[in-house]
Amino acid sequence: MTIFFCAKCGTALTGDLVALPAVPNADDPDHGRDKKTGQARSTVPHGHYAIDPDPWGAPYVAAAAPCRLARSTGRELLRTGTGATVSVGWRDSVVVHPDDVLPRLEPFTLEDNWLGCCGPTGAHGPNLACFCGSRVATWAADCMGPNELHLDPVRVYAWHGGALTESP
């Protein structure tokens, strides 16, 4: 079991989570989509986490060559009118189910980092902060993209072992 903490203040950001070997595929992002909110089901199941070895989220740089996926993976972030760009964001971010973290974080809105019609797109950088003010996560949950919450691998740390007693 693993618990993730804010590196700045030491606050527990999750309860005990079980590691997955990889971020699950989201082959059909519409399967399980919430009819009321339009949000896709979470990529990672409740009570679990996975490490994403690929760059994810902002910032973006111009792509060396146009990159077009053969088919959608369901994990692409909505970025309209941006041309051919690729992410050079965090590598090894911790992907968790939003419900495992959201009660412990607060929205951090700066310029357009919370854009989206049904939720944040996640394409404009960190949008969730610990109560101490450290911007520790990016949540993507708009109706046109994935439903993923990525913890910044530099601003959080993990404790692996037995259960700890959490304060409410």
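No experiment lies behind these values; they were computed from the predicted model shown.
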Please find the pair of heavy atoms, one from [X] and one from [Y], that lie closest to each other, and give the distance.
{"X": "Phe108", "Y": "Arg135", "value": "CE2-CD, 2.9 Å"}
{"X": "Cys130", "Y": "Leu13", "value": "SG-CD2, 4.3 Å"}
{"X": "Asn127", "Y": "Pro120", "value": "ND2-CB, 3.5 Å"}
{"X": "Arg104", "Y": "Phe131", "value": "O-CE1, 3.2 Å"}
{"X": "Ala12", "Y": "Ile3", "value": "CB-CG2, 4.3 Å"}
{"X": "Thr121", "Y": "His124", "value": "OG1-CD2, 3.9 Å"}

* To do: Name all residues meeting the ring pair (Phe, Tyr, Trp, His ring centres under 6.0 Å) criterion together with Tyr157; count only those two or more places apart in sequence or in a different chain, and write none if there are none.
  =>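 With sequence neighbours excluded, Tyr157 shows a ring pair (Phe, Tyr, Trp, His ring centres under 6.0 Å) to Phe5, given in chain and number order.
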* **Whether Glu106 side chain and Ala129 backbone form a donor-acceptor pair below 3.5 Å** => no
Counting C-beta onward and ignoring hydrogens, is there a side-chain heavy-atom pair between [X] and [Y] closer than 4.5 Å?
{"X": "Leu17", "Y": "Met1", "answer": "no"}
{"X": "Trp56", "Y": "Glu148", "answer": "yes"}
{"X": "Leu149", "Y": "Leu128", "answer": "yes"}

Residues 88-98 side chain polar contacts: donor-acceptor under 3.5 Å, at least two apart:
unit_1 : atom_1 : unit_2 : atom_2 : d
Trp90  : NE1    : Asp152 : OD2    : 3.3
Arg91  : NH1    : Pro53  : O      : 3.2
Ser93  : OG     : His150 : ND1    : 2.6
His97  : ND1    : Asp99  : N      : 3.0

* Asked: Listed by chain and number, what are the side-chain contact (heavy atoms from CB on, under 4.5 Å) partners of Thr2, not counting sequence neighbours?
  ->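 Phe4, Tyr49, Ala158, His160.
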* Name all residues meeting the side-chain contact (heavy atoms from CB on, under 4.5 Å) criterion together with Ser134; count only those two or more places apart in sequence or in a different chain, and write none if there are none. =>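 With neighbours one apart ignored, the set is Cys6, Lys8, Cys132, Val136, Arg155.
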* Same hydrophobic cluster for Val23 and Leu20, using side-chain heavy-atom links shorter than 4.5 Å among ILVMFWY? -> yes
* Gap separating the CG atom of Leu151 from the OG1 atom of Thr14, nearest 0.5 angstrom ->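 One finds 7.5 Å between CG of Leu151 and OG1 of Thr14.
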